[in-house]
Number of protein chains: 2
Amino acid sequence: MASAAGREQNRDKNIKINLENKELWQKFHAIGTEMIITKSGRRMFPTFKCSLEGLDPHAKYILLMDLVPLDDCRYKYHNSEWVVTGKAEPHMPGRLYIHPDSPASGSHWMKQPVSFHKLKLTNNNLDQNGHIILNSMHKYQPRIHVVQANDIFTMRWNSFNTYAFEETHFIAVTAYQNEQITQLKIDHNPFAKGFRDNGMGRSRVDVLHCRDHRLHMKRPSISMDPSDKTSHDLSGTAPTSK
Amino acid sequence: MASAAGREQNRDKNIKINLENKELWQKFHAIGTEMIITKSGRRMFPTFKCSLEGLDPHAKYILLMDLVPLDDCRYKYHNSEWVVTGKAEPHMPGRLYIHPDSPASGSHWMKQPVSFHKLKLTNNNLDQNGHIILNSMHKYQPRIHVVQANDIFTMRWNSFNTYAFEETHFIAVTAYQNEQITQLKIDHNPFAKGFRDNGMGRSRVDVLHCRDHRLHMKRPSISMDPSDKTSHDLSGTAPTSK
DNA sequence: GTGATTGGCACCTAGGTGGAAACG
DNA sequence: GACGTTTCCACCTAGGTGCCAATC
């Protein structure tokens, strides 16, 4: 059941919302979730996924997500711990991410879990791509809004049904601070598979140790050209580690 | 302007439609366009792209595409020519491909060309993926429908505005018959770049001539294992062509 | 035997990862 | 200096190509 933040008044008492990948979120939450933000925009991991019940199957709904500051502090990772370093930077006007299926019928939203994997976070205050703008080293709480409306223009603010799951809050960073968070991301995000230690000692780190620092490993093309130096580059000795 | 098929009565005389990539379509049309159909579904190339004018910017429209049999014949490619071999197979009930932006406002559809690149063709009569089912070796004419409606359920058949561009018709095939069509696809479809002759004599065909027929060219991984046989496989002599 | 179809594959496009070094 | 940010890159996922051999 939804561990929804209590301060939101839910207009439609019939709607039930459930965080799908709660276990994964809780693994991160127990350590202190961090989300990378970049100029060009970065996805969240874990992805926010939820299932819905109690919508009117024939009515139309728009689903949105936003990120609200969790407190008024700026943080810093010091001695393996997050500590407050001062007052928060001014929060940019909070953008709304509209789920791309919107608008859709209640039956559409209920027939399978809804994923917000395409949502992207940025630290670029001038972003033109519609990504959600955050301040680095600040805490944020994701919220989902379920709004019965035929289109964006007829949405009424007083018809928002807003939910938040406490275990999804995070600190925005430009580089991971806590190594345990990095490792959880590598272990569970399929796009980071290249950084997994595969157990046979052939980890990416081993490869990097064998690289000259200026060696650019292009995929070797099939070459009959004797001047092709691809294989020579691979035989280089390991550089002295700095 | 639209060389629309004459037999469709257009309810809304204000709507103007233009085939965007007409030159490319005409290159194929001059030779005899073929489209591959597969069990899992294959995209069309060229992609059907059009620009629209004369819609009500504030009204909602649904855009659809379907493929209708061009005649009642089954064809065969014989002596570098398409010839009729008999009567057509029964046509499956024609599925409609709904453009994924639907429903959207007139201004949305008009602000940039509309692409149907995600439409897929299949020869699987039992297809469950919503792809358009065609018979191989039959001729088809793509048609686009512009329908003012708020959603799929309130669409009225008498409000369809249907257009067809003669140069987009094609023969469905399971393997290309005309070599010139294959070459045009390779030259213009970015996903087929691997088959282009890059001008330096290093074409994919050269590589294939150097392959033993059972050689599976994995991307060489960085291997310190002396038993790795990747490079040996490449030194095989050219097989006698069958 | 002939002709059409299928499945596997190398080779692409397109784009999401964290690492490392450079930058501020 | 210390620390936060940026950029580039190898390495992935995901999936669209025509070719080829096998199959029907």
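The chains referred to below are lettered A, B, ... by the order of the sequence lines, with proteins before strands, and numbering in each begins at 1. No hydrogens, no waters, no symmetry mates; every other heavy atom, side chains included, goes into these values.
- When the P atom of dA20(C) is taken as reference, atom CZ of Phe195(A) falls 9 Å away, rounded to whole Å.
- For the pair Leu184(A) CG and dT17(C) P, the interatomic distance rounds to 15 Å; values are reported in whole Å.
- Regarding Ile171(A), its CD1 atom lies at a distance of 12 Å from the P atom of dT5(D), rounded to whole Å.
- Of the residues near DNA chain D, His78(A) and Thr38(A), the one whose nearest nucleotide (by heavy atom distance) lies more toward the 5' end is His78(A).
- Taking atom CD of residue Gln177(A) and atom P of nucleotide dT5(D), one finds them 8 Å apart after rounding to whole Å.
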Exercise for review: Could you walk me through whether Cys50(B) and Trp109(B) pass the side chain to side chain contact (heavy atoms under 4.5 Å, CB included) test, one step at a time?
Suggested key: CA-CA 10 Å; Cys50(B) 60; Trp109(B) 295 116; over 6 Å; no

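- At whole-Å resolution of the value, CD1 in Ile37(B) and P in dG16(D) are 17 Å apart.
- Heavy-atom distances to DNA chain C give each of Phe191(A) and Ala175(B) a nearest nucleotide, and the one nearer the 5′ end belongs to Ala175(B).
- Just one of Ile37(A), Ile171(A), Asn123(A) meets the side chain to side chain contact (heavy atoms under 4.5 Å, CB included) condition when paired with Ser136(A); it is Ile37(A).
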Extract all donor-acceptor atom pairs below 3.5 Å that involve side chains of residues 110-121 of chain B and protein atoms in other chains or at least two apart in sequence.
residue	atom	partner	partner atom	Å
Ser115(B)	OG	His117(B)	N	3.2
Ser115(B)	OG	His117(B)	ND1	2.8

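- Look at CG on Asn124(B): it is 8 Å from P on dT6(C), rounded to the nearest Å.
- The side chain of Pro190(A) approaches dT13(D) more closely than any other nucleotide in the set dG16(D), dG18(D), dT13(D).
- Between dC11(D) and Lys193(A), no contact under 4.0 Å exists linking OP1 or OP2 to a side-chain N or O.
- Picking from dT13(D), dA4(C), dT17(C) the nucleotide with the shortest atom distance to the side chain of Ala192(A) gives dT17(C).
- Phe45(A) comes within 4.0 angstrom of no nucleic acid atom, judged by non-hydrogen atoms across all strands.
- Summarising the geometry of His188(A) relative to Lys27(A), their closest heavy-atom pair is NE2-NZ, 3.7 Å, with the distance given to 0.1 Å.
- Proximity of the aromatic rings of Phe48(B) and His99(B) is defined here by a centroid distance below 6.0 angstrom, and this criterion is not met.
- Taking the side chain of Arg43(B) as heavy atoms from C-beta on, and the options dA4(C), dG18(D), dG16(D), the nearest nucleotide is dG16(D).
- Per the geometry, NZ belonging to Lys185(A) stands 20 Å off P belonging to dC12(D), to the nearest Å.
- Here Lys87(A) pairs with Asp72(A) in a salt bridge; the nearest charged N to carboxylate O distance falls below 4.0 Å.
- Between Asn123(A) and dG4(D), a side-chain N or O to OP1/OP2 separation shorter than 4.0 Å is absent.
- Residue pairs meeting the ring-ring contact (aromatic ring centres under 6.0 Å, His included) criterion with at least one member in residues 25-47 of chain A, sequence neighbours excluded: His29(A)-His169(A).
- For dG16(C), the OP1/OP2 oxygens have a side-chain nitrogen or oxygen of Lys120(A) closer than 4.0 Å.
- Among the nucleotides dG7(C), dA10(C), dA4(C), the one closest to any side-chain atom of Lys39(B) is dG7(C).
- Distance from the side chain of Ile36(B) is smallest for dG18(D) among the nucleotides dG18(D), dT5(C), dG19(C).
- At a cut-off of 3.5 angstrom, counting only N and O atoms as typed in the model, there is a donor on one side and an acceptor on the other between the side-chain of Arg42(B) and the base of dG18(D).
- Contacts between residues 126-140 of chain B and DNA chain C, counted as heavy-atom distances below 4.0 Å, involve Ser136(B), Met137(B).
- Per the geometry, CZ belonging to Arg196(B) stands 8 Å off P belonging to dT13(C), to the nearest Å.
- Distances were taken from every side-chain heavy atom of Ile186(A) (C-beta onward) to each of dG18(D), dG18(C), dT6(C); the shortest belongs to dG18(C).
- Taking the six-membered ring where tryptophan is involved, the planes of Trp82(A) and Tyr75(A) are perpendicular, since the angle between them exceeds 60° and thus also 30°.
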